[in-house]
2 protein chains.
Amino acid sequence: MRLTTKGRFAVTAMVDLSMRQTRGPVTLAAISERQHISLSYLEQLFGKLRRASLVSSVRGPGGGYNLARPTGEITVADIISAVDEPMDATQCGGKENCIDDRRCVTHDLWATLNEKMNDYLSSVSLADVVSHQQGKQVQVIKHFRGTEGPAEAPAGKAAEKVAA
Amino acid sequence: MRLTTKGRFAVTAMVDLSMRQTRGPVTLAAISERQHISLSYLEQLFGKLRRASLVSSVRGPGGGYNLARPTGEITVADIISAVDEPMDATQCGGKENCIDDRRCVTHDLWATLNEKMNDYLSSVSLADVVSHQQGKQVQVIKHFRGTEGPAEAPAGKAAEKVAA
DNA sequence: TTATACCTGACGAAATTGGTCGGGTTTTGG
DNA sequence: CCAAAACCCGACCAATTTCGTCAGGTATAA
(Lines give C-alpha, C1' and ligand atoms only; values in the text may rest on other atoms or scores of the structure.)
Protein backbone atom coordinates (compact mmCIF):
# COMPACT_ATOMS: atom_id res chain seq x y z
CA MET A 1 0.00 0.00 0.00
CA ARG A 2 1.63 3.11 -1.24
CA LEU A 3 0.22 6.55 -0.69
CA THR A 4 1.03 9.12 -3.33
CA THR A 5 -0.59 11.96 -5.20
CA LYS A 6 -1.54 9.47 -7.87
CA GLY A 7 -3.86 7.68 -5.48
CA ARG A 8 -5.21 11.03 -4.42
CA PHE A 9 -6.13 11.95 -7.94
CA ALA A 10 -7.94 8.67 -8.25
CA VAL A 11 -9.87 9.09 -5.03
CA THR A 12 -10.71 12.66 -5.91
CA ALA A 13 -12.07 11.56 -9.27
CA MET A 14 -14.06 8.75 -7.70
CA VAL A 15 -15.58 11.11 -5.17
CA ASP A 16 -16.59 13.43 -7.98
CA LEU A 17 -18.09 10.50 -9.82
CA SER A 18 -19.98 9.41 -6.73
CA MET A 19 -21.56 12.79 -6.31
CA ARG A 20 -22.72 13.05 -9.91
CA GLN A 21 -23.70 9.61 -10.98
CA THR A 22 -27.30 9.89 -9.92
CA ARG A 23 -28.14 11.09 -13.40
CA GLY A 24 -26.53 8.54 -15.65
CA PRO A 25 -22.93 8.06 -16.68
CA VAL A 26 -20.38 10.77 -15.99
CA THR A 27 -17.86 11.76 -18.64
CA LEU A 28 -14.20 12.06 -17.94
CA ALA A 29 -14.26 15.44 -19.63
CA ALA A 30 -16.61 16.72 -16.95
CA ILE A 31 -14.49 15.33 -14.13
CA SER A 32 -11.43 16.78 -15.78
CA GLU A 33 -12.98 20.21 -15.87
CA ARG A 34 -14.31 20.16 -12.32
CA GLN A 35 -11.26 18.65 -10.65
CA HIS A 36 -8.61 20.10 -12.93
CA ILE A 37 -7.07 16.78 -13.78
CA SER A 38 -5.91 16.29 -17.34
CA LEU A 39 -8.20 14.17 -19.46
CA SER A 40 -5.44 11.85 -20.59
CA TYR A 41 -4.33 11.24 -17.06
CA LEU A 42 -7.88 10.45 -16.07
CA GLU A 43 -8.10 8.00 -18.93
CA GLN A 44 -5.07 6.18 -17.59
CA LEU A 45 -6.48 6.10 -14.09
CA PHE A 46 -9.93 4.98 -15.14
CA GLY A 47 -8.45 2.28 -17.31
CA LYS A 48 -7.03 0.80 -14.16
CA LEU A 49 -10.18 1.42 -12.18
CA ARG A 50 -12.23 -0.33 -14.81
CA ARG A 51 -9.87 -3.29 -14.93
CA ALA A 52 -10.22 -3.48 -11.15
CA SER A 53 -14.00 -3.59 -11.54
CA LEU A 54 -14.56 -0.44 -9.56
CA VAL A 55 -16.25 1.39 -12.43
CA SER A 56 -18.01 0.37 -15.60
CA SER A 57 -17.93 2.27 -18.84
CA VAL A 58 -20.58 3.16 -21.37
CA ARG A 59 -19.25 3.97 -24.81
CA GLY A 60 -20.55 6.27 -27.43
CA PRO A 61 -22.34 9.59 -27.15
CA GLY A 62 -24.11 10.02 -23.85
CA GLY A 63 -21.70 7.51 -22.36
CA GLY A 64 -19.26 7.83 -19.53
CA TYR A 65 -18.47 6.00 -16.33
CA ASN A 66 -20.60 4.54 -13.61
CA LEU A 67 -19.62 3.11 -10.28
CA ALA A 68 -19.63 -0.64 -10.49
CA ARG A 69 -20.87 -0.97 -6.93
CA PRO A 70 -22.78 1.23 -4.49
CA THR A 71 -20.72 3.90 -2.77
CA GLY A 72 -20.91 2.05 0.51
CA GLU A 73 -19.11 -0.91 -0.97
CA ILE A 74 -16.14 0.84 -2.49
CA THR A 75 -13.35 1.70 -0.10
CA VAL A 76 -10.48 4.11 -0.34
CA ALA A 77 -8.15 1.14 -0.12
CA ASP A 78 -9.82 -0.37 -3.18
CA ILE A 79 -9.17 2.75 -5.19
CA ILE A 80 -5.61 3.27 -4.10
CA SER A 81 -4.54 -0.29 -4.64
CA ALA A 82 -6.17 -0.22 -8.07
CA VAL A 83 -4.03 2.63 -9.37
CA ASP A 84 -0.86 2.37 -7.28
CA GLU A 85 0.88 -0.88 -7.74
CA PRO A 86 1.94 -2.16 -4.38
CA MET A 87 5.42 -1.35 -3.26
CA ASP A 88 7.28 -4.51 -2.59
CA ALA A 89 9.62 -3.12 0.01
CA THR A 90 11.07 -6.44 1.06
CA GLN A 91 14.11 -6.52 -1.14
CA CYS A 92 14.08 -10.29 -1.08
CA GLY A 93 10.90 -10.15 -3.12
CA GLY A 94 8.73 -12.33 -0.94
CA LYS A 95 11.22 -15.15 -0.94
CA GLU A 96 12.67 -16.29 2.31
CA ASN A 97 16.19 -16.34 1.04
CA CYS A 98 17.08 -13.10 2.71
CA ILE A 99 20.61 -13.46 4.00
CA ASP A 100 19.48 -13.05 7.56
CA ASP A 101 18.81 -16.20 9.47
CA ARG A 102 15.25 -15.55 10.47
CA ARG A 103 13.73 -13.74 7.49
CA CYS A 104 14.85 -10.19 7.15
CA VAL A 105 13.36 -7.96 9.79
CA THR A 106 11.45 -6.02 7.20
CA HIS A 107 9.26 -8.95 6.36
CA ASP A 108 6.97 -9.21 9.32
CA LEU A 109 7.47 -5.60 10.17
CA TRP A 110 5.96 -4.31 6.98
CA ALA A 111 3.50 -7.07 6.66
CA THR A 112 2.04 -5.97 9.96
CA LEU A 113 2.12 -2.28 9.33
CA ASN A 114 0.78 -2.74 5.85
CA GLU A 115 -2.06 -4.75 7.17
CA LYS A 116 -2.93 -2.09 9.68
CA MET A 117 -2.86 0.61 7.06
CA ASN A 118 -4.98 -1.45 4.79
CA ASP A 119 -7.44 -2.20 7.56
CA TYR A 120 -7.90 1.45 8.15
CA LEU A 121 -8.24 2.54 4.56
CA SER A 122 -10.57 -0.38 3.97
CA SER A 123 -12.81 0.93 6.70
CA VAL A 124 -13.42 4.18 4.86
CA SER A 125 -15.92 3.88 2.04
CA LEU A 126 -16.70 6.33 -0.71
CA ALA A 127 -20.01 6.95 0.99
CA ASP A 128 -18.21 7.98 4.15
CA VAL A 129 -16.00 10.39 2.30
CA VAL A 130 -18.81 11.86 0.27
CA SER A 131 -21.13 12.33 3.20
CA HIS A 132 -18.42 13.95 5.23
CA GLN A 133 -17.51 16.04 2.25
CA GLN A 134 -21.03 17.30 1.91
CA GLY A 135 -21.12 18.27 5.55
CA LYS A 136 -24.08 16.02 6.08
CA GLN A 137 -22.23 13.69 8.35
CA VAL A 138 -23.87 10.34 8.74
CA GLN A 139 -27.18 10.92 7.08
CA VAL A 140 -26.27 9.00 3.98
CA ILE A 141 -26.28 5.69 5.78
CA LYS A 142 -29.96 6.01 6.55
CA HIS A 143 -30.51 6.73 2.91
CA PHE A 144 -29.10 3.39 2.00
CA ARG A 145 -30.88 1.29 4.50
CA GLY A 146 -33.59 -0.35 2.44
CA THR A 147 -31.91 -0.78 -0.88
CA GLU A 148 -28.58 -2.16 0.07
CA GLY A 149 -29.32 -5.58 1.40
CA PRO A 150 -27.29 -6.89 4.31
CA ALA A 151 -24.86 -4.23 5.36
CA GLU A 152 -21.23 -5.22 5.25
CA ALA A 153 -19.13 -5.05 8.29
CA PRO A 154 -16.56 -2.55 6.99
CA ALA A 155 -19.10 -0.05 5.78
CA GLY A 156 -21.10 -0.11 8.95
CA LYS A 157 -18.05 0.21 11.08
CA ALA A 158 -16.77 3.11 9.12
CA ALA A 159 -20.09 4.83 9.44
CA GLU A 160 -19.92 4.54 13.19
CA LYS A 161 -16.47 5.87 13.21
CA VAL A 162 -17.33 8.89 11.17
CA ALA A 163 -20.32 9.46 13.31
CA ALA A 164 -18.38 9.32 16.55
CA MET B 1 1.72 12.27 4.78
CA ARG B 2 3.22 10.25 1.98
CA LEU B 3 4.01 6.59 2.22
CA THR B 4 6.90 5.35 0.11
CA THR B 5 9.78 2.95 0.32
CA LYS B 6 11.89 5.79 1.61
CA GLY B 7 9.83 6.03 4.75
CA ARG B 8 9.99 2.28 5.06
CA PHE B 9 13.75 2.30 5.00
CA ALA B 10 13.73 4.87 7.72
CA VAL B 11 11.33 2.93 9.90
CA THR B 12 13.24 -0.27 9.32
CA ALA B 13 16.45 1.40 10.37
CA MET B 14 14.84 2.89 13.43
CA VAL B 15 13.45 -0.47 14.46
CA ASP B 16 16.89 -1.96 14.10
CA LEU B 17 18.29 0.86 16.17
CA SER B 18 15.64 0.34 18.81
CA MET B 19 16.48 -3.30 19.18
CA ARG B 20 20.22 -2.75 19.54
CA GLN B 21 20.64 0.44 21.43
CA THR B 22 20.65 -1.19 24.83
CA ARG B 23 24.42 -1.39 24.63
CA GLY B 24 25.47 2.08 23.62
CA PRO B 25 25.36 3.87 20.30
CA VAL B 26 24.73 1.89 17.12
CA THR B 27 26.78 2.55 14.02
CA LEU B 28 25.23 3.09 10.62
CA ALA B 29 27.66 0.54 9.23
CA ALA B 30 26.09 -2.12 11.42
CA ILE B 31 22.56 -1.16 10.43
CA SER B 32 23.64 -1.10 6.82
CA GLU B 33 24.93 -4.62 7.04
CA ARG B 34 21.98 -6.04 8.91
CA GLN B 35 19.25 -4.35 6.88
CA HIS B 36 21.03 -4.20 3.55
CA ILE B 37 20.63 -0.49 3.13
CA SER B 38 23.53 1.40 1.64
CA LEU B 39 25.61 3.32 4.13
CA SER B 40 25.39 6.55 2.20
CA TYR B 41 21.66 6.35 1.98
CA LEU B 42 21.46 5.73 5.70
CA GLU B 43 23.58 8.78 6.27
CA GLN B 44 21.11 10.89 4.36
CA LEU B 45 18.18 9.46 6.25
CA PHE B 46 19.82 9.84 9.64
CA GLY B 47 20.77 13.38 8.81
CA LYS B 48 17.08 14.12 8.57
CA LEU B 49 16.22 12.04 11.60
CA ARG B 50 18.79 13.90 13.62
CA ARG B 51 17.53 17.27 12.45
CA ALA B 52 14.08 16.16 13.49
CA SER B 53 15.42 15.33 16.95
CA LEU B 54 14.48 11.69 16.72
CA VAL B 55 18.05 10.46 17.16
CA SER B 56 21.23 11.88 18.60
CA SER B 57 24.70 11.19 17.33
CA VAL B 58 27.98 10.41 19.03
CA ARG B 59 31.01 11.10 16.94
CA GLY B 60 34.34 9.41 16.91
CA PRO B 61 35.32 5.82 17.54
CA GLY B 62 32.77 3.93 19.55
CA GLY B 63 30.24 6.44 18.37
CA GLY B 64 27.01 5.98 16.51
CA TYR B 65 23.39 6.88 16.97
CA ASN B 66 21.05 6.75 19.90
CA LEU B 67 17.33 7.27 20.04
CA ALA B 68 16.64 10.74 21.32
CA ARG B 69 13.55 9.57 23.19
CA PRO B 70 12.31 6.28 24.63
CA THR B 71 10.82 3.88 22.09
CA GLY B 72 7.35 4.47 23.45
CA GLU B 73 7.58 8.14 22.57
CA ILE B 74 8.59 7.86 18.94
CA THR B 75 5.84 7.10 16.49
CA VAL B 76 5.89 5.79 12.97
CA ALA B 77 4.35 9.07 11.89
CA ASP B 78 7.29 10.94 13.43
CA ILE B 79 9.73 8.93 11.41
CA ILE B 80 7.91 9.10 8.12
CA SER B 81 7.27 12.80 8.27
CA ALA B 82 10.91 13.37 9.16
CA VAL B 83 12.25 11.80 5.97
CA ASP B 84 9.38 12.25 3.50
CA GLU B 85 8.51 15.81 2.85
CA PRO B 86 4.77 16.18 2.94
CA MET B 87 2.92 15.98 -0.32
CA ASP B 88 0.99 19.10 -0.99
CA ALA B 89 -1.75 17.52 -3.07
CA THR B 90 -4.04 20.50 -3.23
CA GLN B 91 -2.86 22.00 -6.46
CA CYS B 92 -3.92 25.43 -5.29
CA GLY B 93 -1.21 25.21 -2.67
CA GLY B 94 -3.33 26.01 0.33
CA LYS B 95 -4.74 29.15 -1.20
CA GLU B 96 -8.43 29.46 -1.66
CA ASN B 97 -8.18 30.74 -5.17
CA CYS B 98 -9.11 27.43 -6.69
CA ILE B 99 -11.33 28.18 -9.61
CA ASP B 100 -14.22 26.30 -8.12
CA ASP B 101 -16.72 28.32 -6.22
CA ARG B 102 -16.52 26.50 -2.94
CA ARG B 103 -12.87 25.58 -2.58
CA CYS B 104 -11.81 22.67 -4.73
CA VAL B 105 -13.20 19.41 -3.49
CA THR B 106 -9.78 18.07 -2.80
CA HIS B 107 -9.21 20.53 -0.02
CA ASP B 108 -11.39 19.26 2.74
CA LEU B 109 -11.33 15.77 1.40
CA TRP B 110 -7.63 15.31 1.78
CA ALA B 111 -7.34 17.35 4.87
CA THR B 112 -9.70 14.92 6.54
CA LEU B 113 -8.19 11.76 5.17
CA ASN B 114 -4.71 13.00 5.90
CA GLU B 115 -5.68 13.70 9.43
CA LYS B 116 -7.08 10.22 9.85
CA MET B 117 -3.96 8.64 8.44
CA ASN B 118 -1.80 10.72 10.64
CA ASP B 119 -3.87 9.85 13.67
CA TYR B 120 -3.36 6.21 13.00
CA LEU B 121 0.34 6.28 12.30
CA SER B 122 0.77 8.50 15.32
CA SER B 123 -0.83 5.82 17.44
CA VAL B 124 1.84 3.28 16.55
CA SER B 125 5.06 3.75 18.49
CA LEU B 126 8.42 2.16 17.90
CA ALA B 127 7.86 0.15 21.04
CA ASP B 128 4.66 -1.27 19.57
CA VAL B 129 6.40 -2.28 16.37
CA VAL B 130 9.38 -3.79 18.13
CA SER B 131 7.37 -5.83 20.57
CA HIS B 132 5.18 -7.15 17.82
CA GLN B 133 8.23 -7.80 15.72
CA GLN B 134 9.79 -9.91 18.41
CA GLY B 135 6.94 -12.34 18.17
CA LYS B 136 5.47 -11.39 21.47
CA GLN B 137 2.24 -10.49 19.76
CA VAL B 138 1.37 -8.22 22.60
CA GLN B 139 -2.14 -7.15 21.90
CA VAL B 140 -0.89 -4.77 19.44
CA ILE B 141 -2.20 -1.37 19.90
CA LYS B 142 -4.50 0.75 21.80
CA HIS B 143 -5.15 2.62 18.60
CA PHE B 144 -8.36 4.41 17.94
CA ARG B 145 -7.52 6.28 21.04
CA GLY B 146 -7.77 9.91 20.13
CA THR B 147 -10.10 10.33 17.24
CA GLU B 148 -13.27 11.28 19.04
CA GLY B 149 -13.70 15.00 19.10
CA PRO B 150 -11.97 16.90 16.36
CA ALA B 151 -12.70 14.80 13.32
CA GLU B 152 -16.17 16.02 12.60
CA ALA B 153 -15.62 19.71 12.85
CA PRO B 154 -16.48 21.58 9.70
CA ALA B 155 -13.90 21.28 7.08
CA GLY B 156 -12.17 24.56 7.62
CA LYS B 157 -10.66 23.34 10.79
CA ALA B 158 -8.98 20.38 9.25
CA ALA B 159 -7.57 22.53 6.52
CA GLU B 160 -6.09 24.85 9.06
CA LYS B 161 -4.50 22.00 10.85
CA VAL B 162 -2.76 20.78 7.76
CA ALA B 163 -1.67 24.22 6.79
CA ALA B 164 -0.14 24.87 10.18
C1' DT C 1 48.18 10.64 15.72
C1' DT C 2 45.51 7.58 13.77
C1' DA C 3 41.58 4.98 13.04
C1' DT C 4 36.72 5.35 13.71
C1' DA C 5 32.61 7.16 12.70
C1' DC C 6 29.70 10.98 11.92
C1' DC C 7 28.76 14.81 8.47
C1' DT C 8 28.16 17.17 4.02
C1' DG C 9 27.52 18.18 -0.70
C1' DA C 10 27.75 17.07 -5.45
C1' DC C 11 26.56 13.93 -8.72
C1' DG C 12 24.10 10.39 -11.16
C1' DA C 13 21.08 6.20 -13.06
C1' DA C 14 16.65 4.45 -12.74
C1' DA C 15 11.95 4.74 -11.70
C1' DT C 16 7.76 7.30 -11.03
C1' DT C 17 4.67 11.16 -11.91
C1' DG C 18 1.81 13.70 -14.54
C1' DG C 19 0.90 14.63 -18.94
C1' DT C 20 0.73 14.94 -24.38
C1' DC C 21 -0.13 13.09 -28.83
C1' DG C 22 -2.13 10.45 -32.24
C1' DG C 23 -4.47 7.32 -33.28
C1' DG C 24 -8.11 3.83 -32.73
C1' DT C 25 -13.32 1.63 -31.47
C1' DT C 26 -18.14 1.77 -30.07
C1' DT C 27 -22.45 3.97 -30.20
C1' DT C 28 -26.00 7.61 -30.64
C1' DG C 29 -28.71 10.52 -33.47
C1' DG C 30 -29.52 13.28 -37.53
C1' DC D 1 -25.21 6.07 -43.70
C1' DC D 2 -22.29 9.26 -41.32
C1' DA D 3 -20.51 12.33 -38.10
C1' DA D 4 -19.79 13.34 -33.53
C1' DA D 5 -19.32 11.80 -28.73
C1' DA D 6 -17.00 9.29 -25.81
C1' DC D 7 -14.22 5.52 -24.34
C1' DC D 8 -9.79 3.00 -25.35
C1' DC D 9 -4.80 2.35 -26.10
C1' DG D 10 0.11 2.73 -26.59
C1' DA D 11 4.06 5.46 -27.46
C1' DC D 12 6.43 9.17 -25.90
C1' DC D 13 8.13 12.97 -22.88
C1' DA D 14 9.79 16.52 -19.01
C1' DA D 15 10.20 16.87 -14.33
C1' DT D 16 10.80 14.94 -10.04
C1' DT D 17 11.90 11.45 -6.74
C1' DT D 18 14.42 7.47 -5.32
C1' DC D 19 18.29 5.23 -4.16
C1' DG D 20 22.83 5.24 -4.25
C1' DT D 21 28.04 6.61 -5.14
C1' DC D 22 31.92 9.44 -4.44
C1' DA D 23 34.87 12.52 -2.38
C1' DG D 24 35.81 14.79 0.77
C1' DG D 25 35.47 16.77 5.35
C1' DT D 26 35.25 17.01 11.21
C1' DA D 27 35.14 15.22 16.00
C1' DT D 28 37.03 12.05 19.24
C1' DA D 29 38.60 7.73 21.64
C1' DA D 30 42.53 4.96 22.14
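Here the structure is a predicted model, which is why all the values come from computation and not from measurement. Computed over heavy atoms, backbone and side chain alike; hydrogens, waters and symmetry mates excluded. Order of the sequence lines fixes the chain letters, A, B, ..., with proteins taken first and strands second; residue numbering starts at 1 for each chain.
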Quiz item: Rounding to a whole Å, what distance do you find between B:Gln44:CD and C:dA10:P?
Solution: 12 Å

Self-check item: hbond_proxy A:Glu43 side chain to D:dC7 base (donor-acceptor, 3.5 Å cutoff)
Solution: no

Quiz prompt | Residue mapping more 5' on DNA chain D - nearest nucleotide basis, A:Gly62 or A:Arg51 | solution = A:Gly62

Exercise. Could you tell me the separation between the CD atom of A:Glu33 and the OG1 atom of A:Thr27, rounded to the nearest 0.5 Å?
Key: 9.0 Å

Exercise. Would you kindly give the CG-to-P distance between B:Asp84 and C:dT16, to the nearest whole Å?
Key: 15 Å

Quiz item: What is the distance, rounded to the nearest whole Å, between atom CG of B:Leu39 and atom C1' of D:dT21?
Solution: 11 Å

Quiz item: Once the angle between the rings of B:Tyr41 and B:Phe9 is folded into 0 to 90°, is it parallel (under 30°), tilted (30 to 60°) or perpendicular (over 60°)?
Solution: perpendicular

Exercise. For the residue pair B:Ser125 and B:Asp128, confirm or rule out a side-chain donor-acceptor distance under 3.5 Å.
Key: yes

Quiz item: Considering only D:dA4, C:dC6, D:dT28, which nucleotide approaches the side chain of B:Leu28 most closely?
Solution: C:dC6

Quiz item: Any side-chain N or O of B:Thr27 less than 4.0 Å from the OP1 or OP2 oxygen of C:dT4?
Solution: no

Exercise. Take atom CZ of B:Arg2 and atom C1' of C:dT16, then tell me their distance rounded to the nearest Å.
Key: 11 Å

Quiz item: B:Leu3 has an atom CG; how far is it from atom C1' of D:dT18, in whole Å?
Solution: 15 Å

Quiz item: Is there a donor and acceptor pair closer than 3.5 Å between the side chain of A:Arg59 and the base of C:dT25?
Solution: yes

Quiz item: What integer distance in Å separates A:Leu45:CG from C:dT20:P?
Solution: 13 Å

Practice problem: Tell me whether the OP1 or OP2 atom of C:dT16 has a side-chain N or O from A:Thr4 closer than 4.0 Å. | Solution: no

Quiz item: For the pair made of CD1 in A:Ile80 and P in C:dT17, what is the distance, rounded to whole Å?
Solution: 12 Å

Exercise. Classify the side-chain pair B:Asp78/B:Thr75 by whether it contains a donor and acceptor separated by less than 3.5 Å.
Key: yes

Quiz prompt | side-chain N/O B:Ser38 vs D:dT21 OP1/OP2, d < 4.0 Å | solution = yes

Practice problem: Name the residue closer to the 5' end of DNA chain D, choosing between B:Val83 and A:Tyr65 according to the nucleotide with the nearest heavy atom. | Solution: A:Tyr65

Exercise. Group every Ile, Leu, Val, Met, Phe, Trp and Tyr by side-chain heavy-atom contacts under 4.5 Å, then state whether A:Ile31 and A:Val58 land in the same group.
Key: no

Exercise. Quickly work out the A:Ile31 CD1 to D:dA6 P distance and round it to whole Å.
Key: 13 Å

Self-check item: Nearest-neighbour nucleotide for the A:Pro61 side chain, C:dG19, C:dT28, C:dT20 considered
Solution: C:dT28

Quiz item: Between D:dT18, D:dG20, D:dA5, which one does the side chain of B:Lys6 approach most closely?
Solution: D:dT18

Quiz item: Between B:Asp84 and B:Lys48, does at least one N-O distance fall below 4.0 Å, as a salt bridge requires?
Solution: no

Self-check item: Sugar-phosphate, base or nothing in reach of A:Gly64, heavy atoms under 4.0 Å
Solution: sugar-phosphate

Quiz prompt | Listed nucleotide nearest any side-chain atom of B:Tyr41, set C:dT8, D:dC8, D:dG20 | solution = D:dG20

Quiz item: With sugar-phosphate meaning primed atoms plus P, OP1 and OP2, does A:Phe46 contact a base, only sugar-phosphate, or nothing at under 4.0 Å between heavy atoms?
Solution: nothing

Practice problem: Please check the phosphate of D:dC9 (OP1 and OP2 only) for any side-chain N or O of A:Arg50 closer than 4.0 Å. | Solution: yes

Exercise. Please work out if B:Ser40 contacts a base, only the sugar-phosphate, or nothing of the nucleic acid, heavy-atom cut-off 4.0 Å.
Key: base

